[in-house]
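The figures here come from the full heavy-atom set of this structure, side chains too, leaving out hydrogens, waters and symmetry mates. Chain letters run A, B, ... following the sequence lines, proteins first and then strands; every chain starts at 1. All of these numbers come straight from a predicted model, not from anything done at the bench.
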Number of protein chains: 4
Amino acid sequence: MTRLDHAPLPKKSPRQARAQATYDAILQAAAHILTEGGPTALTTNLVAEHAGVSIGSLYQYFPSKEAIVAELIRDLRRQMLDDIRGMAAFVEGQPLRFAVARMIRASIHHHVHTQGRAEVLEQLEHHLPFDTETEAIKTQIIDLVAALLDSHGIEQPRHAAFDMINLVVGMAHPALHVGETDYEALALRIERAALGYLGLNTSGSVA
Amino acid sequence: MTRLDHAPLPKKSPRQARAQATYDAILQAAAHILTEGGPTALTTNLVAEHAGVSIGSLYQYFPSKEAIVAELIRDLRRQMLDDIRGMAAFVEGQPLRFAVARMIRASIHHHVHTQGRAEVLEQLEHHLPFDTETEAIKTQIIDLVAALLDSHGIEQPRHAAFDMINLVVGMAHPALHVGETDYEALALRIERAALGYLGLNTSGSVA
Amino acid sequence: MTRLDHAPLPKKSPRQARAQATYDAILQAAAHILTEGGPTALTTNLVAEHAGVSIGSLYQYFPSKEAIVAELIRDLRRQMLDDIRGMAAFVEGQPLRFAVARMIRASIHHHVHTQGRAEVLEQLEHHLPFDTETEAIKTQIIDLVAALLDSHGIEQPRHAAFDMINLVVGMAHPALHVGETDYEALALRIERAALGYLGLNTSGSVA
Amino acid sequence: MTRLDHAPLPKKSPRQARAQATYDAILQAAAHILTEGGPTALTTNLVAEHAGVSIGSLYQYFPSKEAIVAELIRDLRRQMLDDIRGMAAFVEGQPLRFAVARMIRASIHHHVHTQGRAEVLEQLEHHLPFDTETEAIKTQIIDLVAALLDSHGIEQPRHAAFDMINLVVGMAHPALHVGETDYEALALRIERAALGYLGLNTSGSVA
DNA sequence: CATGAATGAGGCTTCATTCAT
DNA sequence: CATGAATGAAGCCTCATTCAT
């Protein structure tokens with residue numbers, strides 16, 4: 001159960017257009033199977049079939065099944081980072097309340113958009129060898145949020161960023177999972193908790 | 001994709017003392033393997049071996065591997081319910097702030113106590129057939145918290161209970177996973193979010 | 001694949017009434033399971049359960065599963081022999097045509113009466129070690145029929161007896177299996193073949 | 001106890017020459033094991049071993065053990081149908097006596113040729129889910145014989161075909177099983193019964 | 001490079017049988 | 001003797017991966 005092996009990287013960077021297409025098809029197929037059938041449904045043969053390539057070809061592009069999952073995770077994290085980057089740029093110079101509101105909506109949007117892919121992949125990530133790039137991205141995400149909080153004078157910004165992300169995800173994810181569709185109402189509820197955490201007194205009370 | 005099958009129940013209730021010991025040993029072994037090696041490490045043969053019984057004995061008590069996991073989940077939920085019951089009784093008549101503080105500590109304690117078992121089991125629960133008892137317990141947990149919140153005048157208490165539980169678990173769980181050991185500090189941070197959610201203004205600000 | 005081992009005999013002759021009851025209950029349970037669920041449904045534990053005894057007790061009376069089946073087969077053959085004996089006595093001194101007619105009806109009756117038990121048991125018999133008693137009974141059955149035929153001047157009576165039995169069973173069994181319920185019509189059809197075999201010209205033609 | 005499931009079909013038709021060889025080897029091995037050791041000897045691992053392929057390969061071509069047996073049965077029935085077709089064409093326009101004689105010899109030949117495979121497979125067929133193709137073939141066989149009988153003015157030709165087939169098989173099969181090798185003598189005995197059944201008076205009597 | 005046939009370790013489960021109580 | 005807990009060999013099957021064509 002070593003957790004220190006080298007993370008599985010894609011075997012080779014696709015040089016040609018066709019190769020790139022195959023590569024992408026495999027990832028898409030894997031993502032699709034994962035969201036539809038869960039982790040146990042993800043078999044290399046099924047992925048190859050869905051991707052319309054032979055099992056042999058699949059192994060040309062990925063050294064192992066884990067490598068596919070790892071790449072899926074990296075993709076997701078990259079996209080997350082991009083979203084957060086965009087959001088951070090957008091709220092630059094705006095008051096903290098506004099920034100927090102944006103962040104929460106962005107998070108909800110992200111979850112809805114990736115429709116459950118995030119859930120399964122995060123589960124699988126736990127049982128994958130440590131991946132440098134993924135960790136780097138996660139660090140960047142924390143850093144971005146921390147910088148944002150720091151610029152508003154929040155103490156221990158990295159700590160706070162960690163908590164904030166967990167708070168938002170922790171509340172949004174189960175609600176969405178259970179079928180909640182009123183995203184704005186959900187966002188407002190999460191906002192109360194987030195602002196409370198940050199010590200920004202909210203005007204009214206639920207009680 | 002049926003989710004309506006019969007939930008896997010233990011096959012046969014142990015009548016002799018020896019049987020009870022075997023039964024317990026199997027569950028303990030399974031829990032141990034799950035926390036140490038994750039879902040993929042959980043094989044029936046390994047469970048039997050760790051439990052010090054034959055594979056045949058394992059199948060005397062559980063009709064399938066899933067049934068073991070299902071029972072583990074039920075155990076966890078029952079324990080959760082007990083903890084919450086105790087907590088609810090303890091905070092009876094106390095102010096909401098106090099109740100919330102207790103609830104958060106209880107939750108953290110529970111997580112620490114079950115050391116990650118909760119995480120894996122919740123993941124696995126998603127891919128198991130619907131289990132009436134487990135769902136019943138979860139409902140009772142929500143009901144208890146909802147009643148608590150309701151007694152303090154919180155609006156939409158069931159909704160709030162759902163959010164509160166996710167908030168607490170969502171924040172506590174990753175922090176503990178990452179190795180945080182200052183439980184009191186963690187509790188205080190979660191408290192700020194919780195009180196904010198409930199609209200109970202906190203005195204100071206982080207900023 | 002030796003076929004020469006000793007046939008499995010019941011472990012001990014039951015001396016007491018209770019023992020006899022248990023012994024019978026086991027055989028009945030086995031017969032029932034066999035007719036209902038076929039050979040694959042016959043497991044020792046299930047037999048014990050149906051018989052209302054513990055698996056340990058079952059093994060007090062029968063040394064193995066095969067022994068149960070072997071006893072079931074012996075039972076069936078004994079009953080067959082009895083039926084044929086009765087029939088042979090009944091047709092004593094009657095013309096051959098009459099005897100044949102009786103024999104056919106008796107055979108059909110026997111099959112209907114044991115409702116499929118005969119089929120399954122005959123199949124199983126092929127894969128059981130040679131059983132002296134069963135073979136002895138089968139010989140006696142042939143002998144009885146042969147004597148009957150001989151008394152009517154049929155040549156090579158043992159050979160003819162063998163053929164006659166197969167003819168009757170071979171025609172009756174599939175027809176009954178397919179659901180034929182007009183036993184008399186079936187008997188008449190078989191009779192034509194039997195009489196033809198024996199060289200007793202039938203009055204009319206099907207054509 | 002459903003009998004309405006899909007019949008087990010071979011999983012994947014072999015595209016390469018190597019594949020076809022593997023496919024055939026599996027079926028041959030299964031047939032061999034079945035005739036030598038009976039149903040209980042037929043294990044997937046043994047089949048794979050005898051076929052000289054890995055167990056994985058076996059499951060590339062057959063989704064289950066039952067599927068192998070089902071295919072063996074279909075093979076046998078197809079071959080039977082072919083034999084009967086040839087025989088029917090051959091006796092076209094010939095007198096019924098001649099046709100019957102041919103049919104009986106063909107049947108004996110078929111049994112000898114498939115050396116007991118028929119016996120075991122017919123037994124196993126009872127415990128297999130309904131197979132459309134097999135049933136279709138059986139119907140065609142009956143139809144062919146019925147047409148033959150009908151062309152000779154036999155009443156209720158389908159009924160008669162059913163009886164005739166059972167008569168012939170019912171007599172031939174046990175005799176051959178018991179080791180009879182004088183096929184012509186056997187054929188003549190069966191002929192007497194068959195002609196008797198059809199109402200074609202035989203010249204002499206056994207008596 | 002693509003293909004897909006082949007591999008085989010290993011997972012789940014059954015069930016005849018033994019044996020301590 | 002009865003009980004039923006325990007055993008474990010052995011069967012069925014999956015699926016990640018390799019390799020000849």
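One atom, OH of B/Tyr23, and another, P of F/dA6, lie 13 Å apart when rounded to the nearest Å. Atom P of nucleotide E/dA6 and atom CD1 of D/Ile26 are separated by 8 Å, given to the nearest angstrom. For the pair D/Asn45 CG and F/dA9 P, the computed distance is 16 Å after rounding to whole Å. Look at CG on D/Leu46: it is 17 Å from C1' on E/dG8, rounded to the nearest Å. Between D/Ile33 atom CD1 and F/dG11 atom C1' the separation is 14 Å, expressed in whole Å. C/Leu58 places its CG atom 15 Å from the P atom of F/dC1, with the value rounded to the nearest Å. In this entry the distance linking CD of C/Gln60 with P of E/dT18 reads 12 Å, nearest Å. Atom CZ of D/Phe62 is separated from atom C1' of E/dA6 by 15 Å (rounded to the nearest Å).
Ring geometry for D/His50 against D/His32 counts as tilted: the plane angle lies between 30° and 60°, on a 0 to 90° scale.
Annotation: of the two residues near DNA chain E, B/Lys65 and D/Gly56, the 5′-most nearest-nucleotide partner is D/Gly56. Each of C/Val53 and B/Gly52 was matched to the nucleotide of DNA chain F holding its nearest heavy atom; the match closer to the 5' end belongs to C/Val53.
Using modelled atom types and a 3.5 Å distance limit, the side chains of A/Gln20 and A/Asp24 yield a donor-acceptor pair.
Residue contacts shown for C/Leu42 are limited to sugar-phosphate atoms, with no base heavy atom under 4.0 Å away. Using a 4.0 Å heavy-atom criterion, one finds that C/Ile68 contacts no nucleic acid atom at all.
With F/dA5, E/dT14, F/dT17 as the choices, the nucleotide that has an atom nearest any side-chain atom of A/Ile55 turns out to be F/dT17. Nearest nucleotide to the side chain of C/Thr43, out of E/dA5, E/dA16, F/dT17: E/dA16. Among the nucleotides F/dT3, E/dA6, E/dT17, the one closest to any side-chain atom of C/Ser64 is E/dT17.
Contact annotation: D/Ser54 does not reach the phosphate of E/dA6 (side-chain N/O to OP1 or OP2, under 4.0 Å). Taking only side-chain nitrogens and oxygens, C/Ser57 never comes nearer than 4.0 Å to OP1 or OP2 of F/dC1. For B/Thr44, a side-chain nitrogen or oxygen approaches OP1 or OP2 of E/dC12 to under 4.0 Å. Residue C/Tyr61 places at least one side-chain N or O under 4.0 Å from the OP1 or OP2 atom of F/dA2. In this model, the phosphate group of E/dT14 is not approached by any side-chain N or O of B/Tyr59 to a distance below 4.0 Å at OP1 or OP2.
As the counterpart of E/dT21, F/dA2 is assigned, both hydrogen-bonding distances of the Watson-Crick or G-U wobble pattern falling under 3.5 Å. In this entry F/dG8 has E/dC15 as its Watson-Crick or G-U wobble partner, both defining distances falling under 3.5 Å.
Contact of the C/Thr44 side chain with the C/Ile55 side chain is registered, since non-hydrogen atoms from C-beta on lie closer than 4.5 Å. When side chains are defined from C-beta on, B/Leu46 does not count as touching B/Leu42, because their heavy atoms never get closer than 4.5 Å.
In this structure, C/Arg77 does not pair ionically with C/Glu135, as no charged nitrogen and carboxylate oxygen lie closer than 4.0 Å.
Separating the NZ atom in D/Lys65 from the OH atom in D/Tyr59 is a distance of 8.5 Å, to the nearest 0.5 Å.
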